[in-house]
Amino acid sequence: DAKTTQPTSMDCAEGRAANLPCNHSTISGNEYVYWYRQIHSQGPQYIIHGLKNNETNEMASLIITEDRKSSTLILPHATLRDTAVYYCIVRLFSGGYQKVTFGTGTKLQVIP
Amino acid sequence: DVKVTQSSRYLVKRTGEKVFLECVQDMDHENMFWYRQDPGLGLRLIYFSYDVKMKEKGDIPEGYSVSREKKERFSLILESASTNQTSMYLCASSSFSGVSTDTQYFGPGTRLTVL
């Protein structure tokens, strides 16, 4: 899997949009960008994934640059419950199985 | 809604005990996984299963075994618990896509302490 780079930590005011960047400059054409988050002492939670086009679901939006070398996860109205470590990963499923590997992620602190 | 449940959130066992960790998913997923998560080491795959009664070793299978008798249930067994198996254990499941990607859904985790 391609390597990803994320800032170590970020703060966001409650109610504001949280924009979490991720660099994946070595991504290949058929690799997907995934985002998970992990609230302290809980299991990782799937948020969203995408290949080329921007994606939106009930939790977040994913913006992928045209060259696919970076992406941004957007939480439109951050709440205190969004405080977590956010992991950006790049994955290619080539049949069989593929484990999930997290990097260090971004620790997002939502401030009241 | 996607649901992966694990039998215990917290567990304390003694060295040498046999430990069973259970995972159940209600999404009719073919694939199930057991990971452990340790500070500084990230997620490490212990075992996975792509079908009933099928299992494959992951990166760190030593000291563990697994059982998958039913599609929805995947058990992790520590045959003789040791202190270095103190960790957060995470179960995940995914649907076999056969195409290009699979989304793994995780359970809440079991924090195991071996004394």
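In what follows, chains carry the letters A, B, and so on, assigned in the order in which the sequence lines appear, proteins first and then strands, with residues in each chain numbered from 1.
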- request: Specify the closest pair of heavy atoms between Pro44(A) and Leu90(B), including all atoms of both residues, with the distance to one decimal.
  value: CD-CD1, 3.7 Å
- prompt: Minimum heavy-atom separation for Ser41(A) to Arg111(B), with atom names?
  reply: OG-NH2, 4.2 Å
- prompt: What part of Gln37(B) lies closer than 4.5 angstrom to a heavy atom of chain A: side chain, backbone, both or neither?
  reply: side chain
query: Same cluster or not: are Tyr50(B) and Val4(B) linked, directly or through other Ile, Leu, Val, Met, Phe, Trp or Tyr residues, by side-chain heavy atoms under 4.5 angstrom apart?
result: yes
Identified side chain to side chain donor-acceptor pair (under 3.5 Å) counterpart of Thr103(B) within the set Tyr36(A), Tyr34(A), Tyr32(A): Tyr34(A)
query: Is Leu45(B) reachable from Tyr47(B) through a run of hydrophobic residues whose side-chain heavy atoms are each under 4.5 Å from the next?
result: no
- request: Look at the aromatic rings of Tyr105(B) and Tyr46(A) and report parallel, tilted or perpendicular, splitting at 30° and 60°.
  value: perpendicular
- prompt: Between Ile39(A) and Tyr10(B), is there a shared hydrophobic cluster once you connect ILVMFWY residues whose side-chain heavy atoms come closer than 4.5 Å?
  reply: no
query: Going hydrophobic residue to hydrophobic residue with side-chain gaps under 4.5 angstrom, can you get from Val66(B) over to Leu11(B)?
result: yes
task: Take atom NZ of Lys71(B) as the centre, draw a 6.0 Å sphere, and report whether it contains more than 12 heavy atoms from other residues, nucleotides or ligands.
output: yes
- request: Check whether Thr104(A) gets within reach of chain B through its side chain, its backbone, both or neither, counting any heavy atom under 4.5 Å.
  value: neither
statement: If you tally heavy-atom pairs under 4.5 Å between each of Gly42(B), Ala92(B), Gly40(B), Pro108(B) and chain A, the highest tally belongs to Pro108(B)
- prompt: Taking the side chain as C-beta and beyond, is there a heavy-atom pair between Gln38(A) and Leu43(B) under 4.5 Å?
  reply: no
- prompt: Do Gln42(A) and Arg9(B) come within less than 4.5 Å of each other through their side chains, counting heavy atoms only?
  reply: yes
- prompt: Is it the case that one hydrophobic cluster holds both Phe74(B) and Ile60(B), taking links as side-chain heavy atoms less than 4.5 Å apart, direct or via other members?
  reply: yes
